[in-house]
J.: 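So that we are looking at the same thing, I have put the structure below in structure tokens.
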Amino acid sequence: MTAPIFSVALVHYPVYNKHRDIVTTAVTNLDIHDIARCSRTFGADRYYIVTPVEEQQKLVQKIALHWQSGWGATYNPKRKAALDIVAVVQTVSNALEDMESRVGHKPKVVVTGASNQSKSISSAELAEMMTAGKQSFLLLFGTGWGMTEELFDSADYVLEPIKGAGEYNHLSVRSAVSIYMDRLLGRR
């Protein structure tokens, strides 16, 4: 078993709103911090925040920079280590290009969502592929009411949705990332 090569991307565009319009969602401070910490904990080499909105990109960079240098870095070195893997990109394609240039080959794209898809694979199947060490993976997590059908159609794999105890199924993306990371890479 080898250490998996993977990155995480939080997609703010293209995603749906509750009316199924394609929109750009807002970046949140909690998503920056919590998903960076989770990604770093489970060994991701990069956490991409995907947004085409320049002001949102500046916000992410300002928050990350606060914890990466100066007072924030000395106050909380663990936060610095987590935010050191954050990268802001305009598109999912930009994340793919960056990852390919870093690892030397095109990564497999894995999308997640709250509903069943015909080509879904289980967390156990993906975990096995990831730990085989033969391929790299870019795990996409959506915001709003989920990523567009085009992203699902273009993905190599669709990870089965997280199912709770009942019919209600609307986790925060931070919670979903944590659950998936544990299922894929947690030590048993």
Side-chain angles (χ1 to χ4, degrees), residues 1-51 82 85-86 92 95-96 99 107-188:
M1 180 168 84
T2 11
I5 301 168
F6 75 100
S7 295
V8 171
L10 183 61
V11 180
H12 291 278
Y13 178 85
V15 295
Y16 293 118
N17 67 10
K18 67 181 179 178
H19 304 293
R20 292 218 27 110
D21 300 319
I22 297 174
V23 298
T24 303
T25 56
V27 171
T28 71
N29 192 12
L30 286 173
D31 288 344
I32 298 167
H33 288 269
D34 288 354
I35 296 174
R37 290 165 63 190
C38 180
S39 297
R40 183 67 184 239
T41 295
F42 286 99
D45 61 356
R46 184 85 80 229
Y47 165 38
Y48 297 102
I49 299 175
V50 181
T51 178
I85 67 169
V86 171
V92 171
L96 275 168
M99 189 170 179
K108 295 291 186 184
V109 176
V110 180
V111 294
T112 61
S115 59
N116 287 314
Q117 301 281 326
S118 60
K119 61 179 183 178
S120 290
I121 62 169
S122 70
S123 295
E125 290 171 301
L126 182 58
E128 189 174 313
M129 287 187 273
M130 290 177 77
T131 56
K134 297 176 182 171
Q135 183 62 50
S136 60
F137 297 86
L138 177 60
L139 308 176
L140 303 183
F141 293 90
T143 57
W145 288 73
M147 291 177 281
T148 61
E149 291 304 317
E150 291 78 17
L151 283 177
F152 275 87
D153 292 343
S154 66
D156 295 295
Y157 302 105
V158 177
L159 196 51
E160 68 185 354
I162 297 167
K163 295 292 184 188
E167 292 300 313
Y168 185 82
N169 190 18
H170 194 70
L171 291 169
S172 72
V173 71
R174 293 180 308 284
S175 296
V177 170
S178 296
I179 291 167
Y180 277 125
M181 290 296 103
D182 183 62
R183 286 182 180 176
L184 295 171
L185 301 157
R187 293 184 185 161
R188 302 282 182 259

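Predicted, not measured: the structure shown is a model, and the values here were computed from it. Along the sequence shown, residues are numbered consecutively beginning with 1.
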J.: With sequence neighbours excluded, tell me which residues meet side-chain contact (heavy atoms from CB on, under 4.5 Å) with A9.
T.: Y48, V50, L138, L140
J.: With a 6.0 Å cut-off (strictly less than), is the heavy-atom count around NZ of K18, excluding the residue itself, greater than 12?
T.: no
J.: Which heavy atom of M147 sits nearest a heavy atom of Y16, and at what distance?
T.: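 That closest heavy-atom pairing would be O-CE1, 3.5 Å.
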J.: When you compare the side chain of V109 with that of S154, does any pair of heavy atoms fall below 4.5 Å?
T.: no
J.: Is Y13 close to V23 at the side-chain level, that is, under 4.5 Å between some pair of heavy atoms?
T.: no
J.: Please examine the side chains of F141 and V8, heavy atoms only from C-beta on, and report whether any two atoms are closer than 4.5 Å.
T.: yes
J.: So L139 and L126, do their side chains get closer than 4.5 Å, heavy atoms only?
T.: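 They are in side-chain contact.
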J.: When rounded to the nearest 0.5 angstrom, what distance separates CD1 in I5 from NZ in K134?
T.: 13.5 Å
J.: For residues 165-173, which side-chain donor-acceptor pairs fall under 3.5 Å, sequence neighbours excluded?
T.:
residue : atom : partner : partner atom : Å
N169    : ND2  : A114    : O            : 3.0
N169    : ND2  : I162    : O            : 3.4
S172    : OG   : S175    : N            : 3.1
S172    : OG   : S175    : OG           : 3.0

J.: With salt bridge (charged side-chain N to carboxylate O under 4.0 Å, His left out) as the rule and sequence neighbours excluded, what pairs involving residues 142-160 come up?
T.: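 Of all non-adjacent pairs touching residues 142-160, those that pass salt bridge (charged side-chain N to carboxylate O under 4.0 Å, His left out) are R20-E149.
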J.: Going by heavy atoms in the side chains, are V15 and T148 under 4.5 Å from each other?
T.: no
J.: Can you name the nearest heavy-atom pair linking M181 to C38, along with the distance?
T.: CG-SG, 3.6 Å
J.: From L159 CG over to T112 OG1, what is the distance, rounded to the nearest 0.5 angstrom?
T.: 7.0 Å
J.: Check side-chain hydrogen bond (donor to acceptor under 3.5 Å, both in side chains) between S122 and all other residues, then give those that pass, not counting sequence neighbours.
T.: E125
J.: Within a strict 4.5 Å, meaning less than it, do heavy atoms of the F6 and S136 side chains meet?
T.: no
J.: Going by side-chain hydrogen bond (donor to acceptor under 3.5 Å, both in side chains), name the residues that satisfy it together with T143, two or more places apart in sequence or in a different chain.
T.: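 Partners of T143 under the side-chain hydrogen bond (donor to acceptor under 3.5 Å, both in side chains) test: T25.
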J.: Give the minimum heavy-atom separation between R46 and I85, together with the two atoms involved.
T.: CD-O, 3.2 Å
J.: Could I get the full list of side-chain hydrogen bond (donor to acceptor under 3.5 Å, both in side chains) partners for S178, not counting sequence neighbours?
T.: none
J.: At their closest point, which heavy atom of V86 faces which heavy atom of A36, and how far apart are they?
T.: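 Distance-wise, the nearest heavy atoms are CG2-CB, 3.9 Å.
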J.: For G142 versus L10, what's the shortest heavy-atom pair and its separation?
T.: O-CD1, 4.4 Å
J.: Which residues pass the side-chain contact (heavy atoms from CB on, under 4.5 Å) test with D34, not counting sequence neighbours?
T.: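 Checked D34 against side-chain contact (heavy atoms from CB on, under 4.5 Å); matches are L30, R37, R174.
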J.: For residues P161 and G113, report the shortest heavy-atom separation together with the two atoms involved.
T.: CB-O, 3.2 Å
J.: So, does N17 use its side chain to make a donor-acceptor pair with the main chain of D21 at under 3.5 Å?
T.: yes
J.: For Y157, enumerate each residue passing the side-chain contact (heavy atoms from CB on, under 4.5 Å) test, keeping only those at least two apart in sequence or located in another chain.
T.: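 Y157: side-chain contact (heavy atoms from CB on, under 4.5 Å) contacts with K108, V110, I121, M129, F137.
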